[in-house]
Amino acid sequence: MKRKTLTSWVALAFTSVMLLAGCGGGNDEASGPDTSTEEDVTINFMHLWPQGSSPDHNRIVNQIISEFEADNPHITVELEVLENEQYKNKLQVISSSNQLPDVGMTWPAGFLEPYVNGKLFTPLDDILEDGLREQFVAGTVEAYEIDGQAYALPLELNIAPVFYNKAIFDEYGLEAPETYEEFIHVVDTLVENGVTPIALGNRDRWTGSLWYMYMAERIGGADALNSAIDRSGSFEDERLIDAAAHIQELIDRDAFIRGFNGLSDQEAKAEFMNGGAAMYLIGSWDLPNYTTNEEVPQEFRDGISFFKFPTIDGGEGDINSWVGGPGVGLFVAENSDVKEEAKQFVKYFIEEWGKYSVEDAGVIPGTQVNTDEVDLPDLFIDVLDELNHASDITLFADVQMSASVAETHLNMIQSLFGHEVTPEAFAEEHEKALSAED
């Protein structure tokens, strides 16, 4: 099976985020033909946006389902909603017995591959033929393609900024850093004044991976990590070892919240949102908490800004290069008993999500955004602008990798942050796992 390489879609994807092509496109034919004589069917839909942790996402999902059921009275959508890690675990378990929901969520690239290789997801190219493909930001659908067929359709795009608390920075005379030297000054100043510099919940491991990926890009450029993963290079590249060493140097400076390896991302996020830490590196999927989520106090939202991961002196990276890429997308199970209705639901959901997600949830959708037609907070506009002008996007490492290599990567990330391995051993274990699949 051939997977789209990262650079093949990044070159396309981030030049057209702000195009004025139809966002979501409407649903002139949403009600479809007369369904009065059609048999009642049920679509099982599993997603990862619980009401507690993702209230805006959850509300929009329910709204879209209600509208879809109203337009298609013979179809009922039954929901199962799980947290991110619970979702991933359950998806793996139920796939082993081919008991996937009719519609669910997946990530692109390496995460997608085993499900496609196992013939568990069905191709969705037929629903792209009626103008839907043109509604997506160029290149995003390709991230979910294998051998030229799309096995899922993207709901969101993400980049990972470093969000920071402006009040804390102002109190200690700090400015958003552009260089690593300036960043270290911020960290050291906060530590000296008894303030936790960075909220990190590395029990989930992918959170620490974000930090490592940025170090790798800023030191080695976009090629270093990507080539190690696609096997045109090696993980024992000195630049990748140096990136691991930089992580441990940050830990030695007490840059991260105490007990970070035992904290979940949700716990770390709570510390940042309670003013207990000055900075928090996370994907732009978290933008609602700083822009549109009315359950978060307006004063807090007004006090949050972001900066790009700083450049490192002597490094090959670009400050306008981001870690990120397409987020979750919708799949239809190959063995679904209601496959055609499930595809109909996916098409409807994608189009409606494009209309609602930006303004109502502060989410950057996979479909194009007409910023003239939406009322967005300045912070959201600034992130959209950065996405539009990104020089490169490094797709999340664990998403690029196969499931087994991703597990090695995530385990080694936690070991690196826990000072349980040297930077050299960190690189060696990655190289072993990747070489085993050559």
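In what follows, every heavy atom counts, from backbone to side chain, and hydrogens, waters and symmetry copies are set aside.
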Any side-chain donor-acceptor pair under 3.5 Å between Asn72 and Tyr348?
no
Just to verify, what does Glu341 make a salt bridge (charged side-chain N to carboxylate O under 4.0 Å, His left out) with, not counting sequence neighbours?
none
Does the distance from a Lys or Arg side-chain N to an Asp or Glu carboxylate O, for Arg301 and Glu294, drop under 4.0 Å?
no
Partner residues of Asp237 under the salt bridge (charged side-chain N to carboxylate O under 4.0 Å, His left out) criterion, sequence neighbours left out
Arg239
Is Gln298 atom CD crowded by more than 12 heavy atoms from other residues, nucleotides or ligands, each under 6.0 Å away?
yes
Would you kindly say whether Ser53 and Glu83 are connected by a side-chain donor-acceptor distance under 3.5 Å?
yes
Where is the tightest heavy-atom contact between Met412 and Ala425, given as atom of each residue plus distance?
CE-O, 4.2 Å
Do Asp318 and Ser391 meet the criterion of a side-chain donor-acceptor pair at a distance under 3.5 Å?
yes
Nearest heavy-atom neighbours spanning Val399 and Pro108:
CG1-O, 3.1 Å
Mind checking whether Tyr87 and Trp107 have parallel, tilted or perpendicular rings, split at 30° and 60°?
perpendicular
Mind telling me whether Tyr164 and Phe307 have parallel, tilted or perpendicular rings, with 30° and 60° as the class edges?
tilted
Please determine whether the number of non-hydrogen atoms from other residues, nucleotides or ligands lying under 6.0 Å from atom CG of Asp337 exceeds 12.
no
Give a yes or no on whether a salt bridge exists between Arg133 and Glu129, defined as a side-chain N under 4.0 angstrom from a carboxylate O.
no
Could you work out, with side-chain hydrogen bond (donor to acceptor under 3.5 Å, both in side chains) as the rule, every residue matching Ser284, not counting sequence neighbours?
Asn158
Check the angle between the aromatic planes of Phe235 and Phe426 and answer parallel, tilted or perpendicular using the 30° and 60° thresholds.
perpendicular
For residues Phe345 and Ile75, determine if any side-chain heavy atom of one lies less than 4.5 Å from a side-chain heavy atom of the other.
no
Between Glu351 and Lys355, does any side-chain N to carboxylate O distance fall below 4.0 Å?
no
Is Glu431 paired with Arg231 through a side-chain N to carboxylate O contact shorter than 4.0 Å?
yes
Assign the ring pair Trp49 / His47 to parallel, tilted or perpendicular, where the plane angle (0 to 90°) is split at 30° and 60°.
tilted
Which of Phe309, Tyr280, Trp206 passes ring pair (Phe, Tyr, Trp, His ring centres under 6.0 Å) with Trp211? Answer is Phe309
So does Ala278 get a backbone contact from the side chain of Asn165, meaning a donor-acceptor N/O pair under 3.5 Å?
no
